[in-house]
**Student:** 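Take this structure, written in structure tokens, and hold onto it; I'll ask about it next.
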Amino acid sequence: MAIDAATVRKVARLARIREPEERLEPLAQELNTIISWIEQLEEVDTDGVEPMTSVVAVALPLRDDVVTEGGDTRRILSNAPKSADGFFIVPKVVE
Amino acid sequence: MSDLTKLTLKAALAGLKARDFSSVDITKAHIEAIEQARGLNAYVLETPDRALAMAAASDERLARGEGGALEGAPLGIKDLFCTEGVRSTAASKILGNFVPAYESTVTTQLWRDGAVMLGKLNLDEFAMGSSNETSAFGPVINPWRRSGSDAALTPGGSSGGSAAATAADLCLAATATDTGGSIRQPASFTGTVGIKPTYGRCSRWGIVAFASSLDQAGPIAKTVEDAAIMLRSMSGHDVKDSTSLPVEVPDFASYVGKSVKGLRIGVPKEYRIPGMPAEIEKLWADGIAWLKDAGCEIVEVSLPHTKYALPAYYIVAPAEASSNLARYDGMRYGLRAGGPSLTDVYEESRAQGFGEEVKRRILIGTYVLSAGYYDAYYLKAQKVRRRIADDFDQAWQSCDALLTPTTPSAAFALGEQSDDPIAMYLNDIFTVTTNLAGLPGLSLPAGRDAQGLPLGLQLIGRALDEGTLFSLAGALEKAAGFTAKADRWW
């Protein structure tokens with residue numbers, strides 16, 4: 001499956017990265033080169049193979065659902081590009 | 001006192017304990033060396049005041065006859081580890097002037113053991129790269145040069161700053177991370193020792209995430225024993241990382257110098273790739289002969305899915321990266337650009353904040369995870385990954401560890417491979433398999449090419465069997481007798 005400029009536009013939109021129109025075609029070519037190299041995986045017989053989801057054969061640990069840290073608004077906001085009154089200030093989301 | 005930077009970590013710790021010199025002495029010596037080596041671009045942030053304060057505190061503890069396993073030893077920290085109150089960037093513009101309000105578990109353990117932080121080390125942006133050229137701070141320069149040439153070479157990547165700083169005596173040892181070879185390839189390019197331990201040995205908490213199922217921290221050091229000392233402090237179970245293993249941390253250094261007699265060493269035939277330089281073939285043959293002399297039995301093994309490891313990696317790693325890097329949205333920290341709408345801010349912040357290679361990988365990851373392609377790419381790659389892990393399990397039936405070259409070439413010149421992503425990706429051809437399978441891999445310097453550049457050998461072990469790797473690496477280190485250092489030009 002070849003990637004064209006329209007696909008790159010769609011994927012960039014999904015990834016929330018602005019790509020200027022003139023970059024779409026060169027990016028499509030780059031991604032095609034990489035994806036067609038990746039597609040050699042089709043040669044591998046994986047019928048009946050369980051996908052590997054974890055490299056470590058242990059069950060995910062559970063802990064009690066209790067607060068361990070928190071109540072430190074100042075530290076949480078310390079890197080905010082914009083904040084006021086203990087809140088992050090973000091662009092308007094609803095009209 | 002000027003030679004304090006030339007000490008190994010082990011010798012420095014002994015000297016500190018014996019009070020032959022103070023931590024302030026050895027820290028000052030390193031601070032001066034760093035100031036004189038700015039041309040290497042190894043440090044993206046120097047923290048001399050903090051270093052001297054930590055050193056003074058160490059000296060007080062040493063004076064009382066106290067102190068931890070790394071008491072007073074000045075180290076460099078890859079700028080992928082969050083350090084409380086000290087700017088942490090992952091070498092990306094998108095993190096800007098991010099100052100963490102918390103400390104990574106690995107560095108917390110280093111300070112617990114008395115280590116001193118000299119500063120933060122350069123890397124490829126978000127650890128995505130094999131040459132350090134994707135760093136927002138510009139590339140690190142390898143202290144090594146080809147004989148008779150002053151061309152700037154890459155120290156490898158992504159832990160290029162860690163490797164260059166260790167090789168140039170700008171720290172006693174450094175922290176690093178490895179997702180596809182980012183500890184071992186730079187170690188090989190700079191004549192240093194690096195180990196990526198078993199996945200889950202070191203907590204990932206507080207390390208900027210790239211590909212969570214592959215990322216693992218480890219040290220870069222001057223000797224095998226130094227790497228073992230570092231790894232012990234860096235390892236250990238952490239409830240803040242659910243993939244961290246609840247297992248005991250061995251005294252890794254106690255394995256260095258142990259006899260390797262009777263160990264069976266596998267030589268995987270698939271690692272003999274077409275076009276491999278004769279010098280690397282020879283280095284590999286030397287390694288085999290040295291281990292044979294030390295009493296090991298050499299067996300040929302087959303890892304039939306080796307050639308599929310890199311393509312599988314370039315699905316799994318970008319997919320996980322596209323998910324992990326979704327957090328950089330310009331809202332809570334880092335760069336905020338564009339406007340006025342929310343989507344404009346997201347798209348513009350990420351367009352301006354991420355470099356080209358990071359964007360490329362996010363786009364690939366988003367594509368392979370997008371509707372309709374998940375099974376064809378991500379699921380397929382996870383199945384191939386299982387095949388690769390099964391290959392190793394099969395190999396362990398007939399051997400105890402594997403010996404391979406670390407990289408298919410010596411350090412290359414800056415700019416030489418940056419136009420061709422796939423050529424760059426091939427740097428990790430021998431290292432990436434262990435990340436996919438979660439196994440430990442160690443690189444040590446074992447020889448030099450015709451131009452005088454260091455070359456590394458890699459040992460791969462069973463899960464949690466770093467001890468055997470340290471014993472074998474100790475034997476190889478002794479046999480290879482690699483003591484060369486880069487001629488100082490900086």
**Student:** Counting a contact as any heavy-atom pair under 4.5 Å apart, which residues of residues 302-315 of chain B contact chain A?
**Tutor:**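 Only B:H305, B:K307, B:Y308, B:L310, B:P311, B:A312, B:Y314, B:I315 of residues 302-315 of chain B have a heavy atom under 4.5 Å from chain A.
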**Student:** Any donor-acceptor pair under 3.5 Å linking the side chain of B:K383 with the backbone of A:V44?
**Tutor:** no
**Student:** Flag the pair A:I35 / B:Y367 as yes when at least one side-chain heavy-atom distance between them is below 4.5 Å, and no otherwise.
**Tutor:**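 SC-SC contact between A:I35 and B:Y367 confirmed.
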**Student:** Quick one: of A:K92, A:Q40, A:E42, A:E30, who has the most non-hydrogen atom pairs under 4.5 Å with chain B?
**Tutor:**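 Heavy-atom pair counts peak at A:Q40.
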**Student:** What part of B:V316 gets closer than 4.5 Å to chain A, counting heavy atoms only: side chain, backbone, both or neither?
**Tutor:**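 No part of B:V316 comes within 4.5 Å of chain A.
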**Student:** What part of B:A389 lies closer than 4.5 angstrom to a heavy atom of chain A: side chain, backbone, both or neither?
**Tutor:**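 For B:A389, side-chain heavy atoms alone lie under 4.5 Å from chain A.
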**Student:** Highest number of heavy-atom pairs under 4.5 Å with chain B: which of A:V90, A:T33, A:V93?
**Tutor:** A:V90
**Student:** Under a 4.5 Å cutoff for heavy-atom pairs, which residue among B:T243, B:N97, B:L245 has the most contacts with chain A?
**Tutor:** B:L245
**Student:** Name each donor-acceptor pair under 3.5 Å that joins a side chain in residues 50-57 of chain A to protein atoms two or more places apart or in another chain, with its distance.
**Tutor:**
residue: A:S54; atom: OG; partner: A:V56; partner atom: N; Å: 3.2
residue: A:S54; atom: OG; partner: A:V56; partner atom: O; Å: 2.7

**Student:** Return the option, out of A:D45, A:V8, A:N79, A:L27, with the maximum number of heavy-atom pairs under 4.5 Å with chain B.
**Tutor:**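 Most heavy-atom pairs within the cutoff with chain B belong to A:N79.
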**Student:** For B:Y425, is it the side chain, the backbone, both or neither that has a heavy atom under 4.5 Å from a heavy atom of chain A?
**Tutor:** side chain
**Student:** Check B:P340 against A:P91 and note the closest heavy-atom contact, atom names and distance.
**Tutor:**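 Looks like O-CB, 3.4 Å.
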**Student:** Nearest 0.5 Å, what's the CD1-CZ distance between A:I34 and B:R360?
**Tutor:**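 Answer rounded to 0.5 Å: 5.5 Å.
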**Student:** Look up atom CD1 in B:I422 and atom CD1 in A:I38, then write down how far apart they are to the nearest 0.5 Å.
**Tutor:** 8.0 Å
**Student:** Residues of residues 13-23 of chain A under 4.5 Å from chain B (heavy atom pairs)?
**Tutor:**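 The list, in residue order, reads A:R13, A:L14, A:A15, A:R16, A:I17, A:R18, A:E19, A:R23.
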**Student:** What distance do A:K82 atom NZ and B:R336 atom CZ have between them, rounded to the nearest 0.5 Å?
**Tutor:**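 Nearest 0.5 Å value for the NZ-CZ distance: 6.5 Å.
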**Student:** Among B:E347, B:Q382, B:Q352, B:R350, which residue has the highest count of heavy-atom pairs closer than 4.5 Å to chain A?
**Tutor:** B:E347
**Student:** Find the one option among A:L41, A:V49, A:V11, A:I89 whose heavy-atom pairs under 4.5 Å with chain B are most numerous.
**Tutor:** A:L41
**Student:** Please state whether the side chain, the backbone, both or neither of B:S242 comes within less than 4.5 Å of a heavy atom of chain A.
**Tutor:** both
**Student:** Could you tell me which portion of B:V384 (side chain, backbone, both or neither) has an atom closer than 4.5 angstrom to a non-hydrogen atom of chain A?
**Tutor:**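 Contact with chain A is through both the backbone and side chain of B:V384.
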**Student:** What's the separation between atom CZ in B:R387 and atom OG1 in A:T46, rounded to the nearest 0.5 Å?
**Tutor:** 7.5 Å
**Student:** Could you state the interatomic distance from CE (B:M331) to CZ (A:F88), rounded to the nearest 0.5 Å?
**Tutor:** 10.5 Å
**Student:** Are there residues of residues 61-77 of chain A that reach to under 4.5 Å of chain B by heavy atoms, and which ones?
**Tutor:**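 Under the 4.5 Å heavy-atom cut-off, A:P61, A:R75 qualify.
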**Student:** With a 4.5 angstrom heavy-atom cut-off, which part of B:Q216 approaches chain A: side chain, backbone, both or neither?
**Tutor:**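 For B:Q216, there is no contact with chain A at all, as no heavy atom is under 4.5 Å.
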**Student:** Please indicate whether B:D344 has more than 12 foreign heavy atoms, meaning atoms of other residues, nucleotides or ligands, lying under 6.0 Å from its CG.
**Tutor:** yes
**Student:** Given heavy-atom pairs under 4.5 angstrom as the criterion, report whether the side chain, backbone, both or neither of A:L60 touches chain B.
**Tutor:** side chain
